[in-house]
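Reading through the structure tokens given below for one structure.
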Amino acid sequence: MSDITRIHELVEILNEAARHYYSEGDEIMSNFEYDKLYDELVGLEEKTGLVLAGSPTINVGYKTLSELPKETHVAPMLSLAKTKDLGELTDWLGDKKGILSMKLDGLSIILTYEKGELTKALTRGNGEVGEVITNNAKTFKNLPHRISYNGRMVLRGEALIRYSDFEKFKGSEYKNPRNLCSGSVRQLNNEITAERCVNFYAYNIIELSEADNETPSLQTGSKEEWFNFLEKQGFQSAPHRMVTGENLLTAVKEFEQEVSTSDLPSDGLVLTYDDIAYGISLGRTAKTPRDSIALKWEDETAGTTLIDIEWSASRTGLINPVAIFEPVELEGTTVRRASVHNVSMVRQLKLGYGDKITVYKANMIIPQIASNETESDTCLPPEKCPVCEGKTELVNENGSTVLMCKNEDCYAKQIHSLAHFVSRDALNIDGLSEATLEKWIARRYIRSFADLFEIERFREEIISDDTMKIREKSFENLINSIETAKNVALPNVIYALGIRGIGLATAKDIVKTIPDISLTGFIDITREELLSVNGIGDTLAESVLNYLQDEKNREQIIRLNSILHVSKPEIPSSNAILDGKIFVITGSLETFSNRNECKDRIEALGGRVASAVSANTDFLVNNDSLSGSSKNKKAKQLGISIITENELLSMMGQ
């Protein structure tokens, strides 16, 4: 047994003995035995330079903070690209050596050690800025409080609570070890953290300030050397093993069996290239490193009983069915609801009250119904809107049956329409939530889009209303956002109106195709003009004309025109670089901050961006040309060029 392993063992034995003696009033060893083991621990700590945070030889000290301060990370904390396809995992590794490790289901923590002492611990936060939890980290059971490496080291790992420790908290508000861990590491009183039995498992070195013969390189060599170095410093790491293309699938199967009986919560596996220099050469996207990939387990399913179908009205009048069922645990969370999309889906699944159904999380995020065992088919669409009790109507839409509310004054339509109007791609009024809009509508402060710009009239009522929790400063910020939103481009206003079927891209196409159009001119747009716009057919043209024939809608547009300062985007010339070319963007981007920025740049140069690959697509923009995504596969089937972001920039003349 190594000295470091013995230190971990002694800390656990001595702490267990102390717990029995002080908390339970009994002894599991004599004072002589305790002192002998204690002296052995002191000797090993002096020899190795390793002192664990939970060691009985140190006194961490408990503190209570008023809040957790925030701090920027030394490097962005990226998330891993994910797959469920073993074939894609094998293709990704190719002929390289890799390290396959258990993906622990806890909370990412970044630690900094200076001159052997733990000086800082941060949560991942939003990837750029994390919360400082140094006091809490010093209570993690297995975390080194002092290490032998004397330079500056920054490392990343996972804080988690083992299943065996979580058993003590069953029946609390925490549903799984990850939830308990998240609540534990962010406590303001680190004495509470200490009681939660949090452990830390290291998996990545971010920075090393001093190099010597025993220090691994962060630029060359093997990732396996990182694991060995971390273990020599006293850190524990997730179970891992070296793999090649030949034994990768076997190793995955072995891990599947190991995870089922492990005391460590896990939600998949991580595969990383062992060759550090090769991994660095691949670079990274804006969100993910290219030297690692995560294998997520197949969708977890659970059986439950359908209680009800809740019908929810939207801004367009659509009434969407949502299944309500007996709570089940899926992917670490309690699930009670799942969207059923439309009436056709309700009929296809033959849903009925009390049916035995199977549910899952699509892509481990969105709850869905997989199957219906009993198929009693008793859930019928309501004849009245659940919000306004207006008459409903079944309508065929693109081959699917949907339920519509016919009442134009439906309260739900008002809320959702206004929420759409203030959304990012529309007027982009920052800080105005749907919950606030709902209260303003209920109190009759606003009834239309234009009323938003006169909300100043109700300043005192809003600030003094405790249910809104909007005080003077918050209200002033809202007023500033509303004032800023008055300067807006015409396509964004057209999109903000919420006309059924008119997205931002189509709104831009309207303005591009009819360059002389204005906001008031849009009121009198003709069918012929609409049909001249790329992507608008008879159905969509009819939707626009129906909207504009309503006198209330026309009056609303006229009022907005008197309030807003509407600009028109510069129309690319017919000989623009990307004129007439249709692009689809997928995957992560590096140069552009997001897809919207990339899309705006393409459109400024005369191109057009579509959401799906079709025979009309000219280019698919994807930095990962070897991806097994559905868009990549379809582009290859149709013979469409797949280009990287750099190739797109070259086309743009950059």
Side-chain angles (χ1 to χ4, degrees), residues 420-421 423-428 449-450 484-550 553-585 592 595-612 614 616-619 621 648 651-654:
H420 173 77
F421 183 78
S423 64
R424 185 181 64 181
D425 287 337
L427 268 288
N428 191 24
F449 299 149
T484 300
K486 288 182 179 180
N487 299 297
V488 60
L490 179 56
N492 298 83
V493 183
I494 293 174
Y495 168 68
L497 296 175
I499 303 170
R500 190 169 175 76
I502 300 297
L504 183 58
T506 305
K508 288 179 178 179
D509 284 341
I510 291 172
V511 177
K512 178 182 176 183
T513 307
I514 313 170
D516 295 332
I517 197 169
S518 63
L519 182 54
T520 51
F522 177 68
I523 295 175
D524 298 314
I525 195 169
T526 65
R527 179 182 295 275
E528 290 69 27
E529 286 175 319
L530 286 168
L531 292 175
S532 70
V533 177
N534 184 35
I536 294 185
D538 289 331
T539 303
L540 200 49
E542 193 65 29
S543 174
V544 175
L545 294 173
N546 286 340
Y547 179 91
L548 295 173
Q549 284 165 7
D550 187 303
N553 293 335
R554 295 171 68 89
E555 289 175 1
Q556 186 158 239
I557 293 173
I558 292 169
R559 279 190 69 193
L560 286 174
N561 187 67
S562 67
I563 296 169
L564 303 176
H565 310 300
V566 181
S567 62
K568 286 200 290 188
E570 186 177 338
I571 305 299
S573 64
S574 58
N575 60 356
I577 297 172
L578 304 180
D579 185 49
K581 301 298 183 185
I582 299 176
F583 296 79
V584 173
I585 307 167
F592 297 100
R595 291 187 193 178
N596 281 338
E597 184 185 342
C598 182
K599 180 180 177 182
D600 290 344
R601 182 66 180 145
I602 289 171
E603 291 174 347
L605 295 172
R608 184 167 174 268
V609 177
S611 59
S614 69
N616 296 323
T617 305
D618 293 296
F619 299 98
V621 181
L648 172 63
M651 292 173 66
M652 293 175 168
Q654 297 182 359

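- Applying the side chain to side chain contact (heavy atoms under 4.5 Å, CB included) test between I514 and each of I525, L530, D509 identifies I525 as the sole match.
- When all heavy atoms are compared, the tightest approach of G606 to K512 is O-NZ, 3.2 Å.
- Within the 4.5 Å cutoff, the side chain of N492 has heavy atoms near those of the L504 side chain.
- When every heavy atom of L490 is checked against every heavy atom of I517, the shortest pair comes out as CD2-O, 3.7 Å.
- Between I577 and M652, every side-chain heavy-atom pair lies at or beyond the 4.5 Å cut-off.
- Note on D618 versus R608: no salt bridge recorded, every NZ/NE/NH1/NH2 to OD/OE distance being 4.0 Å or above.
- The side-chain heavy atoms of I602 and I585, taken from C-beta on, include a pair separated by under 4.5 Å.
- The closest side-chain heavy-atom distance from I510 to P491 is not below 4.5 Å.
- F522 is not listed as a side-chain neighbour of V511, based on a closest heavy-atom distance of 4.5 Å or more.
- In plain terms, the two heavy atoms of L548 and I523 that are nearest each other are CD1-O, 3.7 Å.
- Here CG of L648 is found 9.0 Å from CZ of F619. Values are rounded to the nearest 0.5 Å.
- Contact check for E529 versus I536: no side-chain heavy atoms found under the 4.5 Å cut-off.
- Applying the side chain to side chain contact (heavy atoms under 4.5 Å, CB included) test to Q549 and every residue at least two apart in sequence or in another chain returns L545, N546.
- In this structure A496 satisfies the side chain to side chain contact (heavy atoms under 4.5 Å, CB included) test together with F421, A426, L427, sequence neighbours excluded.
- Under the 3.5 Å distance criterion, the side-chain polar atoms of K568 are matched with a main-chain donor or acceptor of P515.
- Looking at heavy atoms from C-beta onward, Y547 lies out of side-chain contact with I502 at the 4.5 angstrom threshold.
- Side chains of Y495 and K508 form no contact here, defined as non-hydrogen atoms less than 4.5 Å apart.
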